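One structure is given here, and the rest of the page talks about it.
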Amino acid sequence: MKQAVHIGGPASAGPDLQELLGRVARGDQKAFAQVYDMVCGPVLGLVRSVLRDPAQSEEVTQEVLLEVWRSAPRFQASRGSGMTWVLTLAHRRAVDRVRSAQASSDREHRAALLDRTPAFDEVTEQVESRLEREQVRRCVRTLTELQRQSVTLAYYQGLAYREVAELLSVPLGTVKTRLRDGLIRLRDCLGVNA
């Protein structure tokens, strides 16, 4: 049967981790020093395997050990060993750090994309609008006089087909034909796909 090898000499016959955590829960600083010595190496190793950055690993290890001090009253020996509890705290904290770093990176990436989005240019918008209006005016001038009158009354003055027919003293069917022909010519002139 193999014996456990302890680096640094034989294992001390002191209290086990569960007992020490119970004393830490009551505020025993000396017990916490012993807990620190017992778990610091395994916690740092676990955290470093998740984070891979030595400086962040040391920082997270320090946070975990502080959490052990603060939350020792929550430890329940009936639910698992003390080392498992401490390493679970360490793993969760390390994963939280990775997620936080990823979220920060994602936010910076989105912000960079927004910076590259061109800003609204009011002058450009006005010029485009003016050019479009001028093109519509030019195309309306290509209509026959009867088509132009019908389109202007129906679409620019908002009259119904029947009202246009009454105003121009022509049959309703004639107004509809003029409007249809006028709109087709406008569509072709403006280059709009049907």
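Source: prediction; values computed, not measured.
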Please report the C-alpha distance between Glu145 and Arg148 in whole Å, then the side-chain angles of each, then the deciding distance to 0.1 Å, and finally whether the salt bridge (charged side-chain N to carboxylate O under 4.0 Å, His left out) criterion is met.
CA-CA 5 Å; Glu145 184 61 30; Arg148 185 173 33 255; 2.8 Å; yes

Would you compute the distance between atom [atom1] of [X] and atom [atom2] of [Y] and round it to the nearest 0.5 angstrom?
{"X": "Glu67", "Y": "Arg93", "atom1": "CD", "atom2": "CZ", "answer": "4.5 Å"}
{"X": "Leu179", "Y": "Ser150", "atom1": "CG", "atom2": "OG", "answer": "5.0 Å"}
{"X": "Ser57", "Y": "Gln62", "atom1": "OG", "atom2": "CD", "answer": "12.5 Å"}
{"X": "Asp16", "Y": "Gln34", "atom1": "CG", "atom2": "CD", "answer": "11.0 Å"}

Could you check whether Arg133 and Ser129, counting side-chain N and O atoms only, form a donor-acceptor pair closer than 3.5 Å?
yes

Can you tell me if [X] uses its side chain to pair, donor with acceptor, with the backbone of [Y] under 3.5 Å?
{"X": "Ser100", "Y": "Asp96", "value": "no"}
{"X": "Thr152", "Y": "Gln149", "value": "no"}
{"X": "Thr177", "Y": "Gly173", "value": "yes"}
{"X": "Arg185", "Y": "Asp181", "value": "no"}

Is it the case that one hydrophobic cluster holds both [X] and [Y], taking links as side-chain heavy atoms less than 4.5 Å apart, direct or via other members?
{"X": "Leu190", "Y": "Ile184", "value": "no"}
{"X": "Leu87", "Y": "Leu65", "value": "yes"}
{"X": "Phe32", "Y": "Leu20", "value": "yes"}
{"X": "Leu44", "Y": "Met83", "value": "no"}
{"X": "Tyr36", "Y": "Leu17", "value": "yes"}

Are Leu153 and Leu167 close enough that some pair of their side-chain heavy atoms sits under 4.5 Å apart?
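Yes, at least one pair of side-chain atoms sits under 4.5 Å.
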
Chi angles and distances behind the side chain to side chain contact (heavy atoms under 4.5 Å, CB included) call for Val170, Val164
CA-CA 8 Å; Val170 293; Val164 172; over 6 Å; no

Please name the pair of heavy atoms, one in Ser81 and one in Gln18, separated by the smallest distance, quoted to 0.1 Å.
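Nearest heavy atoms, Ser81 then Gln18: CA-NE2, 3.3 Å.
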
Do you know which two heavy atoms are closest between Leu89 and Val64, and how far apart they sit?
O-CG2, 4.2 Å

Using a strict 4.0 Å threshold on nitrogen-to-oxygen distance, state whether Arg141 and Glu134 make a salt bridge.
yes

Run Cys40 and Val43 through side chain to side chain contact (heavy atoms under 4.5 Å, CB included) and show every step you take.
CA-CA 5 Å; Cys40 185; Val43 167; 6.0 Å; no

